[in-house]
Amino acid sequence: MASIPNVKRFRITSPDGSMTASLMAVVPKGTDYAQFVADAAQRFDWKAWQESQQKHFKIRVGQQKQRKAK
């Protein structure tokens, strides 16, 4: 699997400081990284991100496979 060249990974924090997310972006040369990350964190949809995390890690109770007793 080939990776995308020039991809930078940033960790952003929600405005209330309770959650963190990883952000991957191709940033043009000469860009102020601190300003870019601050702008991206401000525009990030934290509500949708939190809902997707809850759906991804949903625990299904009572539907595990039963083991056969020998």
Side-chain angles (χ1 to χ4, degrees):
M1 185 165 108
S3 63
I4 300 171
N6 303 325
V7 171
K8 301 280 186 194
R9 183 180 295 233
F10 304 100
R11 183 161 299 278
I12 57 174
T13 306
S14 64
D16 61 357
S18 64
M19 297 179 283
T20 60
S22 289
L23 175 69
M24 294 176 68
V26 177
V27 183
K29 288 182 180 179
T31 304
D32 180 18
Y33 289 120
Q35 180 63 33
F36 175 79
V37 171
D39 185 43
Q42 185 179 16
R43 293 184 289 121
F44 192 77
D45 190 356
W46 288 102
K47 185 177 178 185
W49 182 82
Q50 187 176 20
E51 288 174 0
S52 72
Q53 291 295 313
Q54 287 174 349
K55 287 180 184 176
H56 185 68
F57 293 111
K58 192 173 192 178
I59 298 171
R60 295 176 11 173
V61 178
Q63 296 183 14
Q64 290 84 8
K65 286 188 173 183
Q66 300 291 324
R67 288 188 179 180
K68 278 189 175 182
K70 289 186 177 180

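The residues of the chain are indexed from 1 along the displayed sequence.
The shortest distance between side-chain heavy atoms of Val27 and Phe10 falls below 4.5 Å.
Minimum heavy-atom separation, Thr13 to Ala41: O-CB, 4.4 Å. Closest non-hydrogen pair, Tyr33 versus Lys8, comes out as OH-CE, 3.5 Å. Pro28 and Thr31 make their closest contact through O-OG1, 2.7 Å (heavy atoms, listed as atom of the first residue, atom of the second, distance).
In this structure, the separation between CG on Leu23 and CZ on Phe44 is 7.0 Å, given to the nearest 0.5 Å. One distance of note links CH2 of Trp46 with OG1 of Thr20; it measures 7.0 Å at 0.5 Å rounding.
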